[in-house]
Peer 1: 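Sharing a structure below in structure tokens format, with a few things to ask.
A, B, ... follow the sequence lines: proteins, then strands. Residue 1 opens every chain.
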Amino acid sequence: MTAYFKNIGNSISTLWTGLKLTLGHIAKATHTVQNKDITSDNYFDDQDGIMTVAYPHESIPVPDNGRYRLHNEIDDCIVCDKCAKICPVDCIDIEPIKAVNTFGKTSDGTPKRIYAAKFDINMAQCCFCGLCTTVCPTECLTMTKAYDFSEYDVADHTYSFATMTPLEILTKKQELEEHEKNKAAAKTASSGVSKAARPVAKPRPVSKPKLNTSENKEPQAGKNEEVENKPKPKFKPKMKPKIKTSGEKAEKEGNENKKNQAEDTPKAKPVMKRPKPVMRPKKKSSDNDEKGDGSAD
Amino acid sequence: MSTILFFLPFLLLFAVLAIYAERKVSAFIQDRYGPMEVGYYGILQTVADLVKLLQKEDIVPTKADRKLFLIAPILVFTFVFAGFAVVPVTSGWEGAPIQTGVFFLLAIVSLDTIGIIMAGWASNNKYSLFGAMRSAAQIISYEVPLTLSVLSVVMISQTLDLQQISIQQGVHAVGQETNYLFGIKALGIDVTEIGGFLTWNVFRVPILFITWIIFFITSLAESNRAPFDLPEAESELVAGFQTEYSGFRWSLLMLAEYGMMLLVSFLGVILFLGSWNSPLPNIGSVRLADWTTGEIGTLSGHLWSAFWLIAKALLMVLIQIWVRWTYPRIRIDQLMSVGWKYLTPIALFVLLIAAVWRLFMI
């Protein structure tokens with residue numbers, strides 16, 4: 001019998017405590033807890049009030065070295081293919097065309113010898129490990145602060161950074177073919193034996209077999225070593241401001257704060273929309289994980 | 001007449017605002033914003049949801065008992081809505097003039113279960129059936145203490161007419177009934193003229209405060225509100241008896257739930273908290289109670305009494321929402337234990353005391 005009344009008393013007191021607790025929260029709901037930097041000393045001080053971040057309107061600041069969307073500054077890219085090789089999930093798809101001559105310099109002075117006919121990064125596959133930014137010798141591949149890039153179509157997650165038009169690509173290919181032919185002719189003139197043996201002797205890397213660039217793969221491999229031998233800039237986790245070479249790449253800086261980000265995402269779209277028909281047929285073949293046969297278009 | 005002219009539009013408006021209030025209160029309790037996008041501070045969110053609901057397809061499962069499935073939500077809403085017929089709106093507008101209003105209300109409120117069982121059983125779905133069975137068990141258990149608590153009031157008031165019960169609890173009782181402080185004639189303090197909260201049933205007979213608590217708890221169970229929302233228990237039964245419903249029929253069930261909340265709040269206010277009477281007492285020549293109640297039948301009388309009744313009822317609804325977002329759902333065995341072992345004996349005991357108290361009043 002005592003337990004019975006104890007139960008009643010207990011219930012009343014605990015129920016009342018609960019009501020007081022929730023009423024306290026209602027009373028404190030007039031105050032909204034401000035977003036604070038996690039490094040600030042009073043981070044845990046302000047605990048009462050509405051904690052929600054009304055996301056599209058406001059957002060929590062992201063750290064400078066956060067690993068979010070990848071960005072390639074194509075003007076600084078020497079198309080060394082290292083990022084594509086190190087990528088654990090093979091989300092970077094590069095189609096290089098060897099240039100006949102050095103055709104420019106990156107902002108840190110590295111000579112550019114390979115054109116990027118295609119530089120696609122599939123952010124839907126990306127695991128955000130950041131390895132590609134670590135190996136990038138010219139630091140043109142960086143992770144930006146943009147993290148809100150959801151799309152309606154999964155194909156829209158493929159970001160194309162190559163700026164070459166189809167005509168340019170064709171021209172460069174023809175140029176290269178011409179050059180190769182001339183070179184081969186010169187070789188044949190000097191010694192006819194080495195010509196046949198050459199492609200067999202140096203198998204090209206498995207990761208990036210490109211059908212139309214197969215002949216120039218081996219000089220490219222040599223180039224890579226050349227690049228590696230250079231004293232390369234040390235990797236810094238923080239992304240340093242790039243010297244912008246073209247106006248439309250300003251979007252990267254725009255990611256500094258959230259407001260710009262909303263307009264940044266649509267801005268990036270036209271860039272990647274254009275080569276879409278190129279990569280669409282590739283979609284099917286990419287299922288069997290061999291990136292190489294994709295370029296056989 | 002009051003049902004069509006007043007309660008139908010009022011109920012629709014109420015449902016829209018109560019759902020908004022529900023979301024905001026729950027949000028504030030959980031340190032969130034709640035709806036913010038549609039309209040100023042999200043005020044039109046429920047309207048947007050309603051529009052969405054009305055556009056939805058009315059799906060009837062193939063294996064469901066089609067006829068029962070289709071009429072069940074209409075029945076549920078009709079039973080709840082019929083209850084409003086006897087609820088007085090103002091001091092001069094009493095709704096259906098039924099002598100046995102309380103009795104009618106209790107009967108019609110329990111009929112609600114039939115609709116719920118019909119909905120659950122006809123759905124041919126395990127979750128729905130579970131919800132329906134729980135609902136039946138719950139209503140049977142809680143009908144008893146609910147009726148006993150109402151009976152205490154009826155015993156004190158000596159009438160089943162809701163308007164009569166309302167009149168007794170304020171300054172209009174002058175000439176019909178003498179109200180003593182705390183209902184004890186021996187004290188010799190006549191508060192009939194003073195009115196205000198002193199003549200409300202919970203003050204007139206303080207033991208009715210316990211009855212009111214019991215009534216409030218059981219009314220939560222009657223309207224299937226948390227912590228007694230076992231029939232729809234979303235974390236266990238998807239949506240209980242509502243699982244198979246969509247679109248307009250589902251919104252009818254939802255409307256019935258909110259209608260039930262409002263109905264039991266009205267009933268609780270009328271029985272215990274002074275109905276449409278002002279809480280402000282007459283103090284000497286400062287006739288606060290007279291000023292804020294108005295004469296029966298005059299415009300000010302209508303406005304004041306409607307204001308007080310609706311304000312009190314909405315406050316009760318707010319408390320129901322507050323309770324819902326504070327307590328976790330109780331288990332079915334706890335539900336039975338609370339209903340039969342605690343509420344029913346206490347209600348019986350209070351009924352006895354109320355009977356004795358009535359003797360002090362005369």
Peer 1: Looking only at heavy atoms and a cut-off of under 4.5 Å, which of B:Val323, B:Val338, B:Asp31 has the most pairs with chain A?
Peer 2: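 Among the listed options, the one with the most contacts to chain A is B:Asp31.
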
Peer 1: Under 4.5 Å heavy-atom distance to chain A, tell me which part of B:Gln30 shows up: side chain, backbone, both or neither.
Peer 2: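 No part of B:Gln30 comes within 4.5 Å of chain A.
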
Peer 1: For residues B:Glu222 and B:Glu143, determine if any side-chain heavy atom of one lies less than 4.5 Å from a side-chain heavy atom of the other.
Peer 2: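 Heavy-atom side-chain distance check passes, below 4.5 Å.
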
Peer 1: When you compare the side chains of A:Thr158 and A:Asp120, does any donor N or O come within less than 3.5 Å of an acceptor on the partner?
Peer 2: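 A:Asp120 and A:Thr158 do not have a side-chain donor-acceptor pair below 3.5 Å.
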
Peer 1: Between B:Glu236 and B:Arg331, is a salt bridge (Lys or Arg N to Asp or Glu O under 4.0 Å) present by the stated rule, with each step listed?
Peer 2: CA-CA 11 Å; B:Glu236 310 158 28; B:Arg331 281 196 319 261; over 6 Å; no

Peer 1: Ring centres of B:Trp212 and B:Phe209 under 6.0 Å apart?
Peer 2: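 Yes.
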
Peer 1: Flag yes if more than 12 heavy atoms outside B:Asp333 fall under 6.0 Å of its CG atom; otherwise flag no.
Peer 2: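 Check passes, neighbour count above 12.
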
Peer 1: So for B:Ile346, is it side chain, backbone, both, or neither that comes closer than 4.5 Å to the heavy atoms of chain A?
Peer 2: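 Only the side chain of B:Ile346 comes within 4.5 Å of chain A.
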
Peer 1: Contact part of A:Ala54 toward chain B, heavy-atom cut-off under 4.5 Å: side chain, backbone, both or neither?
Peer 2: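 Both parts, backbone and side chain.
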
Peer 1: Does any backbone or side-chain atom of B:Tyr327 lie under 4.5 Å from a heavy atom of chain A? Answer side chain, backbone, both or neither.
Peer 2: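 Just the side chain, heavy atoms under 4.5 Å.
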
Peer 1: Could you tell me which portion of B:Pro328 (side chain, backbone, both or neither) has an atom closer than 4.5 angstrom to a non-hydrogen atom of chain A?
Peer 2: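 Neither; nothing under 4.5 Å.
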
Peer 1: Between A:Thr30 and chain B, with a heavy-atom cut-off of 4.5 Å, which part of the residue counts as in contact: side chain, backbone, both or neither?
Peer 2: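 It is neither, since no heavy atom gets under 4.5 Å.
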
Peer 1: Apply side-chain contact (heavy atoms from CB on, under 4.5 Å) to residues B:Thr326 and A:Leu21 and explain how you reach the verdict.
Peer 2: CA-CA 8 Å; B:Thr326 301; A:Leu21 182 76; over 6 Å; no

